[in-house]
Amino acid sequence: FDGADIINVTSSANNANSNLNFGNNSFTTEAWINIGELSIPDQTDPFILRKVDSLDNGFYAMILSDGGVYKPFMWVKDGSNRYTAKFSSTISLKQWHHIVEVFDRTGFRAYIDGNSAGTITTVSGDVANIGLNVSNNIALTIGLGSGIGVNGSITQVRIYNRSLSANQIYELYNGYN
């Protein structure tokens with residue numbers, strides 16, 4: 001992904017690949033990102049990837065603008081409940097970073113370059129109330145920010161239909177180097 005286009009895996013393509021049907025299970029997203037200057041006024045929160053319906057039910061793995069710095073941020077919503085988390089570690093612009101975000105049905109974890117992204121600094125909702133069913137009927141989108149493409153690059157996107165451990169994530173990061 002080069003920032004010029006949005007990659008959209010439609011629900012019909014998802015249905016051909018049951019690996020993108022998380023149902024009510026845990027999942028992990030992984031990508032290498034290099035986000036450029038965010039100079040476009042509407043582009044404040046670049047999405048790494050998302051799998052949401054028209055009512056925003058599903059999940060976002062994204063980078064959130066927070067007072068001029070950028071942090072991992074996750075969001076899940078099931079129709080009536082929403083759970084979000086922002087992490088304390090920051091992401092440098094114009095540098096490649098390995099970003100992993102885990103939703104394991106007990107909460108969120110995020111990793112930057114193989115290390116924990118720190119503590120969750122802002123939370124909304126209660127993860128225990130999420131009955132999220134991320135099904136194949138929801139399209140998967142890579143590289144979208146406020147309705148426009150992300151100013152940067154995203155590569156090596158992987159989605160796991162399970163929760164990866166901290167050790168597995170560290171091994172993945174080291175496997176790229």
Side-chain angles (χ1 to χ4, degrees), residues 1-3 6-7 26-52 56-78 81-128 130 132 134 140-160 163-170 172-174 176-177:
F1 173 83
D2 62 5
I6 295 166
I7 298 170
S26 300
F27 57 90
T28 303
T29 65
E30 173 190 19
W32 280 88
I33 66 167
N34 186 338
I35 304 298
E37 290 294 333
L38 300 178
S39 58
I40 302 168
D42 290 339
Q43 187 184 4
T44 56
D45 301 326
F47 305 144
I48 299 169
L49 57 94
R50 70 180 188 169
K51 191 168 171 66
V52 295
D56 274 342
N57 296 313
F59 79 90
Y60 289 93
M62 60 192 289
I63 306 302
L64 183 70
S65 173
D66 183 30
V69 297
Y70 298 90
K71 300 178 177 187
F73 179 79
M74 295 179 72
W75 151 305
V76 294
K77 182 180 173 195
D78 70 0
N81 298 293
R82 181 179 75 178
Y83 181 76
T84 64
K86 178 176 59 175
F87 295 85
S88 59
S89 296
T90 61
I91 298 168
S92 303
L93 298 179
K94 299 182 182 179
Q95 294 179 12
W96 282 103
H97 293 287
H98 182 245
I99 304 295
V100 178
E101 296 183 339
V102 180
F103 178 65
D104 69 5
R105 301 296 172 170
T106 59
F108 293 146
R109 293 180 283 126
Y111 299 83
I112 302 171
D113 299 333
N115 298 303
S116 172
T119 58
I120 296 175
T121 59
T122 304
V123 173
S124 71
D126 182 352
V127 73
I130 297 293
L132 182 65
V134 183
L140 172 72
T141 304
I142 301 170
L144 181 71
S146 302
I148 56 176
V150 172
N151 179 12
S153 298
I154 301 172
T155 190
Q156 303 296 323
V157 174
R158 293 181 182 175
I159 304 168
Y160 302 88
S163 172
L164 296 183
S165 70
N167 189 53
Q168 289 172 314
I169 292 165
Y170 184 76
L172 285 171
Y173 172 70
N174 284 325
Y176 286 108
N177 290 325

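- Residues satisfying the side chain to side chain contact (heavy atoms under 4.5 Å, CB included) criterion with Ser163, sequence neighbours excluded, are Ser26, Val102, Asp104, Arg109.
- Shortest non-hydrogen contact noted between Ser153 and Trp96 is CB-CH2, 3.4 Å.
- The shortest heavy-atom contact between Gln168 and Ser165 is OE1-N, 2.7 Å.
- Considering every non-hydrogen atom in both Phe108 and Ala85, the closest pair reads CD1-CB, 3.3 Å.
- Applying the salt bridge (charged side-chain N to carboxylate O under 4.0 Å, His left out) test to pairs two or more places apart or on separate chains, none has a residue in residues 112-121.
- Atom CD of residue Glu101 and atom OG1 of residue Thr28 lie 10.5 Å apart, to the nearest 0.5 angstrom.
- Counting all heavy atoms, side chain and backbone alike, Glu30 lies closest to Tyr160 at OE1-OH, 2.9 Å.
- Nearest heavy-atom pair, Ile112 versus Thr90, reported as atom, atom and distance to 0.1 Å: CD1-O, 3.8 Å.
- Within the 4.5 Å cutoff, side-chain heavy atoms of Ile99 are placed close to those of Ile91.
- Looking at Leu172 and Arg158, their side chains come closer than 4.5 Å, going by heavy atoms from C-beta outward.
- Here Tyr70 contributes atom OH and Leu93 contributes atom CG; the two are 6.0 Å apart, rounded to the nearest 0.5 Å.
- Of all heavy-atom pairs spanning Ala117 and Phe87, the tightest one is O-CB, 3.5 Å.
- Residues meeting the side chain to side chain donor-acceptor pair (under 3.5 Å) test with Asn115, sequence neighbours left out: none.
- Pro72 is not listed as a side-chain neighbour of Tyr111, based on a closest heavy-atom distance of 4.5 Å or more.
- In this structure, the ring pair (Phe, Tyr, Trp, His ring centres under 6.0 Å) partners of His98, at least two apart in sequence or on a different chain, are Trp32, Tyr173, Tyr176.
- Evaluation of the side chain to side chain donor-acceptor pair (under 3.5 Å) rule for Ser88 yields no partner, not counting sequence neighbours.
- Listed by chain and number, the residues in a side chain to side chain donor-acceptor pair (under 3.5 Å) with Gln156 amount to none (sequence neighbours excluded).
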